[in-house]
There are 2 protein chains.
Amino acid sequence: MRLSTKGRYAVTAMLDLTLQGGDGPVTLAEISETQGISLSYLEQLFACLRGKQLVRGVRGPGGGYYLGRPAEEISIADIICAVDEWVEFTRCGGKRDCKDGKRCLTHNLWDELSSEIFNFLSSINLAELVERGGLKEEGCIREDNKDDLVASRGTTRAA
Amino acid sequence: MRLSTKGRYAVTAMLDLTLQGGDGPVTLAEISETQGISLSYLEQLFACLRGKQLVRGVRGPGGGYYLGRPAEEISIADIICAVDEWVEFTRCGGKRDCKDGKRCLTHNLWDELSSEIFNFLSSINLAELVERGGLKEEGCIREDNKDDLVASRGTTRAA
DNA sequence: GTTTAAACCGAGTATTTAAGTTGGTATTTG
DNA sequence: CAAATACCAACTTAAATACTCGGTTTAAAC
């Protein structure tokens, strides 16, 4: 699993599309403006998303993009997989080269973890995220606790 | 949250360290050999890990690395945060620019998701991962390496 | 006390990826 | 037709990744 800024752009754009959707198609120009992502880069991302049927484009004036299917049926993993290549990490692919065992075991563990992350992200869909998250915002001011939360939580499970 | 190959290398190396640990320190040369990661790159990663107290180095011949604290108290998020910079995605940081609301709402949603991913990865520690993951593989594990593993995961009857 | 195995350190580099740019073509609306 | 939009491909820049090189400590072993 890979979660880069590219994936973030894609998720952000899809969230934007979800929020604005319903009133007809949303143009990339709008998303570009709203989210501060360059239009051409969005085009590239949406080419990937369209390839995986996550969005549907409508050409011509008044055109734009719709979600490819209901927001309930689009998971975060779907989005990230569409734009971020899923690179296989294990080099032993299968059981060749696995003569020494230890290497392969570690690979297995990584795969296990990777699957869990994937399953987790698969369990979150756009609709849920919007519903849950939407409760919280009021005028955009969020407490700055997210920084501390994230920055230096030395021991995580100790407490 | 960011989950790149760099983080994967770090997690893989830490898993290796967990698996081999107990018999004294593990050298980077061994990890390099076992996992196929260049020694100098490992040094860089371990400089980060050491900075966050996740590992403890012992110099001189017979030296190497120990886990900085028990495997139960090291989460995957700890490892990834140590090596991957946590870049703040929102550009509105605070309340400036957030006049139009929509942009900021999407940012909030992203933050929400990001926190969830972080919490999820915080909930998985090295010890658990080794215990759970060990059950699955068969054929990749070698007799002579199995001893401490078998001890820690109970039985090897899966095969 | 010399040698040696290791951690530690910092600068440099090649490759890849991300992100944006440019300059289009294809479709559809009006 | 003109305009707005998706669509497309090649190029460019900037940054991150992954690695290299050449060291310096430190401490154990001889």
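All figures in this text were calculated on a predicted structure; none of them were measured in a lab. The chains referred to below are lettered A, B, ... by the order of the sequence lines, with proteins before strands, and numbering in each begins at 1.
A distance of 9.0 Å separates OH of B:Tyr9 from CG of B:Leu45, quoted to the nearest 0.5 Å. Taking CG of B:Leu54 as the start and CD1 of B:Ile79 as the end, the distance is 6.5 Å to the nearest 0.5 Å.
The interatomic distance linking A:Lys6 (NZ) with C:dT16 (P) rounds to 15 Å, in whole Å. We find that CG of A:Leu17 is positioned 11 Å from P of D:dA6, with the value rounded to whole Å. Following rounding to the nearest Å, B:Leu42 (CG) and C:dC8 (P) show an atom-to-atom distance of 13 Å. Computed from coordinates, the A:Arg8 CZ to C:dA19 C1' distance equals 13 Å when rounded to whole Å. When rounded to the nearest whole Å, the span between CG of B:Leu39 and C1' of D:dC21 equals 12 Å. Counting to the nearest Å, the P atom of C:dT21 and the CG atom of A:Leu45 are 14 Å from each other. One can place CD1 of A:Ile31 at 12 Å from P of D:dC7, the figure rounded to the nearest angstrom. Between the CZ atom of A:Phe46 and the P atom of D:dC8 there is a distance of 15 Å, rounded to whole Å.
Note on B:Leu28: only backbone sugar-phosphate atoms sit closer than 4.0 angstrom, heavy atoms only; bases stay farther off.
Of the candidate nucleotides D:dC19, C:dG20, C:dA26, C:dA26 has the atom lying nearest to any side-chain atom of A:Arg59. Of all nucleotides listed (C:dA6, C:dT28, D:dA28), C:dT28 comes nearest to the side chain of A:Pro61. In this structure, of C:dA18, D:dA18, C:dT22, it is C:dA18 that holds the atom nearest to the side chain of A:Tyr41. Closest to the side chain of A:Gln44, from the set D:dA10, D:dT17, D:dT20, is D:dA10.
In this model, the phosphate group of C:dA5 is not approached by any side-chain N or O of B:Thr27 to a distance below 4.0 Å at OP1 or OP2. Applying the 4.0 Å criterion to OP1 and OP2 of C:dA18, one finds that A:Ser4 has a side-chain N or O inside that range. Applying the 4.0 Å criterion to OP1 and OP2 of C:dC9, one finds that B:Arg50 has a side-chain N or O inside that range. Close to D:dC7, at under 4.0 Å from its OP1 or OP2, lies a side-chain N or O of A:Tyr65.
Side-chain contact check for A:Asn125 and A:Glu72: no donor-acceptor pair (N or O, by modelled atom type) lies under 3.5 Å.
Judged by distance alone, with hydrogens and angles left aside, A:Glu43 brings a side-chain donor or acceptor within reach of the base of D:dC8, the pair sitting under 3.5 Å.
Here the side chain of B:Ser122 pairs a donor or acceptor atom with the backbone of B:Phe118 at under 3.5 angstrom.
Taking the charged nitrogens against the carboxylate oxygens, B:Asp78 and B:Arg69 do have a contact shorter than 4.0 Å, which makes a salt bridge.
Residue whose closest nucleotide on DNA chain D sits further toward the 5' end, between A:Ser40 and A:Gly62: A:Gly62.
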